[in-house]
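Quick notes on the structure that follows.
Treat the numbers as computed from the prediction; the structure is a model and nothing was measured. Only heavy atoms go into these numbers, but all of them, side chains included; no hydrogens, no water, no symmetry mates. Numbers here simply count residues along the sequence, with the first being 1.
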Amino acid sequence: MKQCFARTLVLAGLLASTSAVAQQQALEPVVDAANEINQVARSSQLTVDKIADTTQERLQQFKQISRQIEGLEVYVQQLQRQIDFQQQEKSELNASIDEVSVVERQITPLMLRMIDSLDTFVNLDVPFLPNERENRIMSLNDLMDRADVDVSEKFRRVMEAYQIEADYGRSIEAYNGEMQVAGQLQDVEFLRVGRTVLIYKTRDGETMGVWNQAEREWQALDSGYRSSVQEALRIARKQLAPDLLMLPVFTNSTAGE
């Protein structure tokens, strides 16, 4: 009876052992499948994380590029305003150029008339510095024929000549020159006071003359003016301080002091 019970226990143990082995063998594919699923899940999670990181990076790049685009749009708008302004300036400049061409055609005859008037004025004026003044007018006439000089420069030179002539009327000047005295060419000193008085004096001071603009001729000057003329010459040469001068001044018919 005992032996039978022992066999029964052994048999039960064998059956249990066999069953456990069978169960283990049956679960192995499930465990392997579970492990494979977990591995795939981990791999998928890593892929998802990588995609998330890439997406975030792309989002940041998108935002940065969007800001750059906005800045470029503002810059392009500013450039467009500048281009529009330059186009307006170009149109105004072209209009000005057209006007300059018209003015140039009008101003050239004006300058020629101004030079002719200046020439006539010098010929009728008190005859001081004749060579210098005539050469200035000849230079202006030569300048007008030159094509390599701008109209603006020509006009400046003409106005400069007029300014020089205007300054003569407000200045006193002494200069050396030559003139016919008693039929002989002599070195003399000239004294000019504005356009009112023009006097010459020989080097020895023995002969003096004064220009009579009304008669357009030289007239002898009394020796009593010698000291006044000499003083005026020194003032003109800046050797004396300016002072009152007693010099002959011609009116329409007479000469007075």
Side-chain angles (χ1 to χ4, degrees), residues 110-145 154-257:
L110 172 63
M111 288 189 292
L112 292 173
R113 291 194 298 269
M114 292 175 68
I115 295 172
D116 289 340
S117 298
L118 188 61
D119 188 18
T120 301
F121 174 79
V122 169
N123 290 330
L124 296 177
D125 195 21
V126 176
F128 60 89
L129 300 172
N131 294 333
E132 178 181 324
R133 298 167 81 189
E134 289 173 6
N135 290 338
R136 186 180 297 115
I137 292 173
M138 290 176 59
S139 176
L140 289 176
N141 283 320
D142 293 340
L143 183 68
M144 293 302 297
D145 294 334
K154 294 178 180 179
F155 186 75
R156 187 192 70 79
R157 292 280 296 276
V158 172
M159 294 304 299
E160 182 182 56
Y162 267 79
Q163 184 61 53
I164 291 172
E165 288 292 332
D167 291 340
Y168 286 143
R170 300 188 294 268
S171 62
I172 179 173
E173 180 181 20
Y175 61 94
N176 299 327
E178 295 179 339
M179 70 172 300
Q180 292 288 337
V181 180
Q184 294 183 350
L185 186 64
Q186 297 189 33
D187 291 333
V188 299
E189 287 185 287
F190 287 99
L191 170 67
R192 177 185 61 81
V193 181
R195 283 188 165 84
T196 305
V197 177
L198 181 62
I199 296 174
Y200 76 86
K201 180 180 74 69
T202 57
R203 292 294 184 179
D204 57 13
E206 294 299 323
T207 304
M208 295 187 301
V210 60
W211 178 259
N212 187 332
Q213 177 66 4
E215 300 294 333
R216 295 200 60 79
E217 63 180 15
W218 289 100
Q219 294 184 359
L221 185 62
D222 187 87
S223 60
Y225 287 103
R226 185 175 291 113
S227 61
S228 296
V229 171
Q230 186 61 37
E231 181 182 1
L233 286 169
R234 295 183 66 188
I235 291 174
R237 296 185 186 279
K238 295 181 172 54
Q239 296 172 349
L240 284 178
D243 198 357
L244 292 176
L245 299 173
M246 302 297 290
L247 297 172
V249 178
F250 279 95
T251 59
N252 291 335
S253 59
T254 60
E257 295 180 356

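To the nearest 0.5 Å, the span separating NZ on K201 from CG on L191 amounts to 10.5 Å. To the nearest 0.5 angstrom, M159 atom CE is 5.0 Å from M114 atom CE. A distance of 5.0 Å separates CG in D167 from CZ in R170, rounded to the nearest 0.5 Å. Expressed to the nearest 0.5 Å, how far CG of L118 lies from CZ of R136 amounts to 8.0 Å. Distance check: I115 CD1 to L110 CG gives 10.0 Å after rounding to the nearest 0.5 Å. Rounding to the nearest 0.5 Å places CD of E178 at 12.5 Å from CD of Q184.
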Quiz item: Does the side-chain contact (heavy atoms from CB on, under 4.5 Å) test come out yes or no for L245 and I172, once each step is laid out?
Solution: CA-CA 11 Å; L245 299 173; I172 179 173; 4.1 Å; yes
Practice problem: Please lay out, stage by stage, how N123 and D119 fare under the test side-chain contact (heavy atoms from CB on, under 4.5 Å). | Solution: CA-CA 6 Å; N123 290 330; D119 188 18; 3.4 Å; yes
Quiz item: When you look at Y200 and L221, which way does the side-chain contact (heavy atoms from CB on, under 4.5 Å) test go after all the steps?
Solution: CA-CA 9 Å; Y200 76 86; L221 185 62; over 6 Å; no
Quiz item: Can you check side-chain contact (heavy atoms from CB on, under 4.5 Å) on R203 and Q186, steps first, answer last?
Solution: CA-CA 8 Å; R203 292 294 184 179; Q186 297 189 33; over 6 Å; no
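Using a distance-only test at 3.5 Å, with no hydrogens or angles considered, no donor-acceptor pair links the side chain of R192 to the main chain of Y175. Distance alone, capped at 3.5 Å, places no donor-acceptor pair between the T207 side chain and the T202 backbone.
Inter-residue side-chain proximity for D222 and P248 is flagged as unmet; no heavy-atom pair is nearer than 4.5 Å. Taking the side chain as every heavy atom from C-beta outward, D125 and R133 approach each other to under 4.5 Å. No side-chain heavy atom of V210 sits less than 4.5 Å from a side-chain heavy atom of Y225.
Shown here are the side-chain hydrogen bond (donor to acceptor under 3.5 Å, both in side chains) partners of R237, two or more places apart in sequence or in another chain: N176, E189.
Contact detail for L129 and E173: the closest heavy-atom pair is CD1-OE1, 3.5 Å. Of all heavy-atom pairs between Y162 and S117, the closest is OH-CB, 3.8 Å. Annotation for L185 and Q180: closest pair N-OE1, 3.6 Å, computed over non-hydrogen atoms.
With respect to I235, the side-chain contact (heavy atoms from CB on, under 4.5 Å) criterion is satisfied by exactly one of K238, E231, Q239: E231. Checking R157, M138, M111 one by one against L143, the side-chain contact (heavy atoms from CB on, under 4.5 Å) holds for a single residue, R157.
By the 6.0 Å and 45° rule, R195 does not stack over the aromatic ring of F128.
Other residues, nucleotides and ligands place no more than 12 heavy atoms under 6.0 Å from the CG atom of L244.
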